[in-house]
There are 2 protein chains.
Amino acid sequence: MTEQYFGVRPTLEAVAARAGVSRATASRVVNGGTGVRPPLVDKVRQAVEELGYIPNQAARSLVTRRTGAVAVIVAEPETRFFSDPFFSRQIRGISKELAAHDTQLVLLLVEGPDDYGRISRYLTGGHVDGALAFSLHDEDPLPAITRDAGMLTVFGGRPGFPTAVPYVDADNRGGAREAVRHLLSIGRGRIAHIAGPLDQTASTDRLGGYRDVLPEADPALVVEGAFTAESGAHAMAELLARRPDLDAVFAANDLMASGALRVLRERGRRVPEDVALVGFDDMTSVAEATDPPLTTVRQEVEEMGRLMARLLLRGLDQGGAEGPPPASVITPTVLVRRATA
Amino acid sequence: MTEQYFGVRPTLEAVAARAGVSRATASRVVNGGTGVRPPLVDKVRQAVEELGYIPNQAARSLVTRRTGAVAVIVAEPETRFFSDPFFSRQIRGISKELAAHDTQLVLLLVEGPDDYGRISRYLTGGHVDGALAFSLHDEDPLPAITRDAGMLTVFGGRPGFPTAVPYVDADNRGGAREAVRHLLSIGRGRIAHIAGPLDQTASTDRLGGYRDVLPEADPALVVEGAFTAESGAHAMAELLARRPDLDAVFAANDLMASGALRVLRERGRRVPEDVALVGFDDMTSVAEATDPPLTTVRQEVEEMGRLMARLLLRGLDQGGAEGPPPASVITPTVLVRRATA
DNA sequence: TCGCCGGGCGAGAGCGCTTTCGGATCCGCG
DNA sequence: CGCGGATCCGAAAGCGCTCTCGCCCGGCGA
């Protein structure tokens with residue numbers, strides 16, 4: 001940019017004039033430049049450079065019917081969304097993928113249950129080409145809203161009810177199976193499970209994996225937590241009271257595992273000698289910081305974010321809400337052996 | 001919305017036709033309705049309702065030169081931004097205020113130092129009317145970028161170098177003075193300070209407040225931390241080694257205070273009897289959870305976010321980057337007495 | 001030499017909206 | 001009954017861009 005015209009931003013018209021071509025040709029060059037002979041391409045490029053031309057997005061999307069932006073809808077209460085690294089890493093992945101495709105991220109935070117109207121209006125208003133959302137609870141109204149708005153939407157996490165929306169989720173069930181099988185393989189027979197909140201599919205799927213491997217397990221070996229360290233501690237205490245003879249615990253996330261670990265040690269149980277412990281997520285800041293370091297099931301969270309964005313972008317290229325919806329993706333999990341099992 | 005026309009969204013033209021008025025009148029009604037007689041207003045309103053009309057934002061901003069969106073630029077590495085409740089609460093405040101003014105929040109996460117070009121291009125591209133940014137480090141290139149882009153920008157936190165950009169910041173210096181004075185008032189004479197990273201103005205300002213009250217204090221009583229609990233613990237240990245006789249600590253945030261508290265108790269110092277402790281932020285999840293609960297300096301973080309948005313919006317109404325820049329705001333802090341001092 | 005074909009380019013329409021400007025209408029008053 | 005002014009409304013321009021359509025021109029075969 002050799003010159004800067006403050007105030008009056010140059011239009012395509014100005015570029016065309018300076019390059020001595022028509023607006024149409026200038027437009028062709030700006031948008032890829034096919035079908036224009038090299039000398040003209042150079043002239044236009046130079047004019048763009050000299051004038052510091054940047055296309056007006058409003059004018060462009062008025063005719064293309066594309067905004068180059070997607071919404072990320074966050075319905076989760078602030079506390080959970082921001083405190084849980086799970087989301088932040090997913091957002092980071094989304095942001096990276098979108099940035100790579102010159103697509104903008106419009107963040108829609110739902111401000112309470114009365115705010116869905118605004119979200120709905122916004123989506124219908126054509127501000128964005130598509131949406132990404134996190135579906136976490138059984139009674140989540142979001143899938144219905146985005147569908148009614150005719151907006152292609154990819155969800156993070158499997159929705160809790162039968163629906164055809166595309167989503168990206170980790171192989172929670174498979175990962176849980178692997179964790180429990182590992183516990184079996186190291187000779188444990190009385191394996192407990194600290195589940196997450198059972199109105200979320202991530203929790204029920206992990207519980208499902210546990211039951212797949214241990215269909216005959218004592219129901220008393222399963223306690224529901226809330227994905228927090230504190231709830232993990234409580235659950236552990238409860239389990240110890242119910243079944244003092246347990247020799248292994250599979251917790252549905254690392255935070256709860258860390259809480260459980262604390263209680264186990266307070267009660268004088270050696271980990272992993274007396275009780276083996278496996279977490280889920282591989283939230284490194286937690287899993288590597290425990291003493292001993294936590295054996296856990298890793299899910300590639302940032303990659304899942306990228307995938308969500310990629311799925312959406314691809315779906316958009318194939319006709320948006322009218323075209324065939326993208327297929328959902330289940331990302332693999334992997335058991336990371338550290339010291340607790 | 002009694003009917004829904006999927007696929008073809010109704011235009012203002014359609015509304016006008018249905019209401020039996022001109023496009024101009026329909027537009028007037030949609031945008032406030034002044035200067036149109038009630039019966040016509042009603043007719044148009046009804047047509048809007050029946051057709052489910054929603055204005056096309058692209059067309060609108062093409063002529064008004066306003067996009068109804070502002071950028072929130074996050075340059076901070078993911079870890080800090082998402083893990084620190086400070087940001088999340090600020091974002092929440094921003095989001096609320098923007099939503100109340102029908103303005104959208106475009107989140108720009110800076111993906112590494114090479115990504116500033118994209119940010120700059122985006123801002124210059126006229127996608128947004130203004131920007132909010134968090135200025136945290138001395139060498140932050142953001143103020144220069146937004147200025148060059150001719151984009152009105154309000155910063156969260158006082159920039160670390162002399163510049164005229166508008167910002168919103170807590171009264172860090174005053175809050176620190178109050179904390180230290182309180183420590184004096186309860187009879188403490190050897191007051192240490194655990195500072196934050198000194199390339200951030202929040203840290204230097206708090207240190208400044210400490211020195212305002214204690215200009216003659218032993219330099220050995222000040223240790224730099226990193227705003228994490230861990231660093232607070234280290235700093236506390238260091239302080240104890242240097243000055244075993246200290247009888248009070250003012251930590252530059254609650255997280256460091258909680259780390260310090262842990263070390264104090266490990267070393268057998270009673271809090272507050274032997275050593276009084278004051279934090280900063282009033283991050284309730286931390287400050288109320290410590291044992292004993294932490295005395296700290298509260299800043300109204302969410303309110304600061306709202307203020308940032310309000311300042312920007314007002315500045316935008318007054319001519320944007322061309323008009324007079326909004327005046328910066330320093331929000332008051334208040335000492336919250338709990339049990340540690 | 002002529003006609004035809006095809007690639008390259010420009011003219012112009014049109015995306016959906018806001019806003020100016022002038023005309024119509026209605027009121028009160030002389 | 002007619003006039004001035006205020007009020008309300010419609011015609012039309014135009015925001016900056018994309019993209020269709022058709023023209024032009026060069027090259028090639030007949």
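Protein chains get the first letters and strands the later ones, always in sequence-line order, with residue 1 at the start of each.
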Suppose we screen for side chain to side chain contact (heavy atoms under 4.5 Å, CB included). Which residues come up paired with [X], at least two apart in sequence or across chains?
X: B/Q57; value: A/H127, B/R60, B/S61
X: B/T331; value: B/V168, B/A170, B/M304, B/L307, B/V329
X: A/Q46; value: A/E50
X: B/S27; value: B/L12, B/N31

Between B/V21 and A/T11, which has a closest nucleotide on DNA chain D that is more 5'?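 Result: B/V21.
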
Most 5' of B/R28 and B/A59 on DNA chain D, judged by nearest nucleotide: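 In this pair, the answer is B/R28.
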
Between C/dG10 and A/T25, is there an OP1 or OP2 to side-chain N/O distance shorter than 4.0 Å?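 The answer is yes; a side-chain N or O of A/T25 sits under 4.0 Å from OP1 or OP2.
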
Under 4.0 Å between a side-chain N or O of B/N31 and OP1 or OP2 of C/dT18?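 Yes, such a contact exists.
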
Considering residues at least two apart in sequence or located in another chain, which fulfil the side-chain hydrogen bond (donor to acceptor under 3.5 Å, both in side chains) criterion with A/T11?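 Result, side-chain hydrogen bond (donor to acceptor under 3.5 Å, both in side chains) vs A/T11: none returned.
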
Distances under 3.5 Å between protein N/O atoms and the N/O atoms of nucleotides 6-8 of chain C, please, pair by pair.
{"residue": "C/dG8", "atom": "O3'", "partner": "A/R37", "partner atom": "NE", "Å": "3.4"}

Angle between the end axes of the helix from C/dT1-D/dA30 to C/dG30-D/dC1, five pairs per end, to the nearest 10 degrees?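 That helix gives 60° between its end axes.
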
Just the endpoints, please: which first and last nucleotides of DNA chain D, 5' to 3', lie under 4.0 Å from a heavy atom of chain A?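 Extent of the interface on DNA chain D: D/dG16 to D/dC19.
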
Let me confirm one number: the OG-CG distance from B/S95 to B/L107, rounded to the nearest 0.5 Å.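 Those atoms lie 11.0 Å apart.
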
Give every residue pair that meets the salt bridge (charged side-chain N to carboxylate O under 4.0 Å, His left out) criterion with at least one member in residues 99-117 of chain A, sequence neighbours excluded.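 Residue pairs with at least one partner in residues 99-117 of chain A: A/E111-B/R92, A/D115-A/R118.
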
Please list all pairs meeting salt bridge (charged side-chain N to carboxylate O under 4.0 Å, His left out) that have one or both residues in residues 19-45 of chain B, counting only residues at least two apart or in different chains.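 Listed by first then second residue: B/E13-B/R23.
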
Give me the residues of residues 60-67 of chain B where at least one heavy atom lies under 4.0 Å from an atom of DNA chain C, by number, or none.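 By residue number: B/R60, B/L62, B/V63, B/T64.
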
Could you tell me which residues satisfy salt bridge (Lys or Arg N to Asp or Glu O under 4.0 Å) with A/E97, sequence neighbours excluded, listed by chain and number?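 So A/E97 forms a salt bridge (Lys or Arg N to Asp or Glu O under 4.0 Å) with A/R306, A/R310.
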
